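These numbers come from a predicted model, not from an experiment. Here is the naming used below: chain letters follow the sequence lines, and residue numbers restart at 1 for every chain.
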2 protein chains.
Amino acid sequence: MSPRKSAQEELTKTAIINVARELFVTSGYPSFSMRKLAKELGCSHGAIYYHFKNKAELFYEIVTQDFLTLDCVLEEVLGTQTNSNEEKLYLILFEYIRFGLTNQPQYEVMFLIKDEEIKGYLLEAPNNSYLHFANAVASLAAKPLTPKDIWSLFIGIHGFVTHYCRTETSFEDVKQLAKSHVEFLLKAIK
Amino acid sequence: MSPRKSAQEELTKTAIINVARELFVTSGYPSFSMRKLAKELGCSHGAIYYHFKNKAELFYEIVTQDFLTLDCVLEEVLGTQTNSNEEKLYLILFEYIRFGLTNQPQYEVMFLIKDEEIKGYLLEAPNNSYLHFANAVASLAAKPLTPKDIWSLFIGIHGFVTHYCRTETSFEDVKQLAKSHVEFLLKAIK
DNA sequence: TCATTAATTGAACACTGGTCAATTAAATAA
DNA sequence: TTATTTAATTGACCAGTGTTCAATTAATGA
C-alpha cells in the first residue's frame with residue numbers, strides 16, 4: 001500500500017546491521033531469520049535485500065566487526081604490563097577463550113559455521129586473525145616455537161571454545177577450567 | 001492413488017536408516033532432507049514419519065551405530081600389542097582423530113551439532129563415549145593424570161577434528177599434522 | 001511541473017520439517 | 001469365503017525459510 005517510506009525512516013545499512021546484530025546475538029544464529037529481522041526493523045523482508053545481496057553478506061558485515069574486536073583483545077593483552085612473557089602468553093590464550101565464550105553466536109559464525117555461502121565471504125578474515133595470534137604467540141614464547149606448535153596451541157584453545165559453545169556454557173562457569181586448560185597447553189611448550 | 005504398498009516393498013526402520021545413512025554420509029547433514037530421503041526410498045515423506053517420530057529420532061538411531069564404532073576403535077587400540085603404554089596412548093589419540101575425520105558427517109552429529117532436538121536425544125551417548133576414552137587414557141599414562149588433564153587431552157584432539165571437519169579436509173591430507181598435534185599434546189603430560 | 005531515480009512492498013517460488021484425514025493392503029475373525 | 005479390523009501409505013496442508021522481482025511511490029533534479 002505504501003512503497004517507499006518517508007525520508008526520516010528510510011533504512012540504512014548500519015541500521016540493519018545493528019538490529020540484526022542485536023537479534024542474532026541475543027537469540028542465536030539458528031533462530032535468526034530475514035523475516036524476523038524485517039519485523040524488528042518495521043519493514044518488509046524484501047527491503048533488506050535492497051541493501052544486502054543475501055543473508056551471508058549481512059552476516060559477513062556483522063562479523064567483520066567481531067574480527068576487529070578480537071584483534072583488539074590481542075593487542076590489548078600485548079600492551080599490558082606483566083611480570084613475564086610467559087604470563088603474557090598465558091593471558092593471550094586465556095583472553096581468546098574469554099572472547100569466544102562471551103561472544104558465542106559470533107564465534108560460531110567466525111570459526112565454526114559450515115554454511116558454504118558464509119564461508120565464501122569469510123575467506124581471509126579467520127586466516128588473518130590467526131596470523132595475528134600466531135605472531136603474538138611466537139614473539140612471547142621462551143623457546144622458539146615451530147609453526148606446528150603454534151597451530152597446536154590454537155587448535156587446543158579452539159577445541160575448548162567449540163565445546164562450550166555447543167553446550168552454551170557461559171565463560172564464568174568454566175573460567176577455572178579455562179585457566180587449567182591453558183596451563184595444560186603451555187606445559188607442552190615448556 | 002495407492003496408499004499402502006504391496007507387502008514386499010513395505011518400508012522398514014532399518015531400510016530407512018540404511019538409505020538415510022548413505023544419503024547423509026555422502027552429501028552431509030545440511031543438504032539432507034526428509035523429502036530427499038523419501039524420494040530416494042521411493043515413498044512419500046509422510047511415510048517416514050510413521051516409522052520415526054521426527055528427523056532427530058532418525059539421526060539418533062543412525063548415529064548410535066557410530067558411537068558403537070568409536071567404542072570399537074578404542075577397544076581395538078587397547079587390544080593391540082605395542083612397545084609401550086606411551087605408544088598406545090599416542091595411538092588412542094591418533095585413532096580418535098582418524099575416526100573423526102573419516103566420519104565427518106557422523107562426528108558432526110555426534111559431537112558438534114547445536115540442534116536442540118538432536119541434542120535432546122544424544123544425552124548420554126557422547127558422555128559415555130568420553131568416559132571410555134578417559135578410562136583408557138588414565139590406564140595408560142605413565143604418571144597419574146588429573147581428570148582435568150584427561151579433559152584437556154580430549155578437548156585438544158576435539159579441536160583438531162572440529163577444525164578440519166569445518167574445512168572438510170580428509171584425514172589423509174592432515175595425517176602428518178595429526179601426528180605432530182598428538183605429540184604436542186602428550187608433551188603436556190610428560 | 002514533470003520526468004527520473006531510489007527505496008519499499010508483497011506476491012510468488014522453491015524449499016524445509018511436520019501433521020493428519022483419507023485410503024487401501026494385509027491380517028484376523030466370523 | 002466373507003466381513004471386519006488393523007497397519008501402512010499417501011498427499012494435501014500448515015508454518016516456516018531464503019530469495020526474486022514487477023509494481024508502486026517518495027524524493028530528487030531539470
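- For Arg35(A) and dG16(D), a side-chain-to-base donor-acceptor distance below 3.5 Å is absent, hydrogens and geometry of angles not being considered.
- Here the P atom of nucleotide dC14(D) and the OH atom of Tyr49(B) are 17 Å apart, to the nearest Å.
- For the pair Ile189(A)/Lys143(A), no side-chain contact is recorded, criterion being any heavy-atom separation below 4.5 Å from C-beta on.
- Between Lys55(B) and dG17(C) there is a side-chain N or O to OP1 or OP2 distance below 4.0 Å.
- We find the CZ-NZ distance between Phe94(B) and Lys179(B) to be 8.5 Å, quoted to the nearest 0.5 Å.
- Residues Asp149(A) and Thr146(A) have side chains that bring a donor and an acceptor to within less than 3.5 angstrom of each other.
- Put simply, the side chain of His45(B) and the base of dG18(C) share a donor and an acceptor less than 3.5 Å apart.
- In this structure, the NZ atom of Lys5(B) is 10 Å from the P atom of dG11(D), given to the nearest Å.
- For the pair Lys55(B) and Tyr29(B), the distance from NZ or CZ to the six-membered ring centre is under 6.0 Å and the angle to the ring normal is within 45 degrees.
- Counting distance only, with no hydrogens placed and no angle test, the side-chain atoms of Arg4(B) and the base atoms of dA8(D) include no donor-acceptor pair under 3.5 Å.
- Side chain of Ser27(B) to main chain of Leu23(B): a donor-acceptor pair is present (N/O by atom type, distance under 3.5 Å, no hydrogens or angles).
- Non-hydrogen atoms lying under 4.0 Å from DNA chain D are contributed by nothing in residues 14-34 of chain B.
- The distance from atom OH of Tyr50(A) to atom C1' of dT9(C) is 14 Å, rounded to the nearest whole Å.
- End-to-end axis angle of the helix from dT1(C)-dA30(D) to dA30(C)-dT1(D), from C1' rotation axes over five pairs per end: 20° (rounded to 10 degrees).
- Residues Gly46(A) and Gly46(B) each lie close to DNA chain C; by heavy-atom proximity, the contact nearer the 5' end of the strand is made by Gly46(A).
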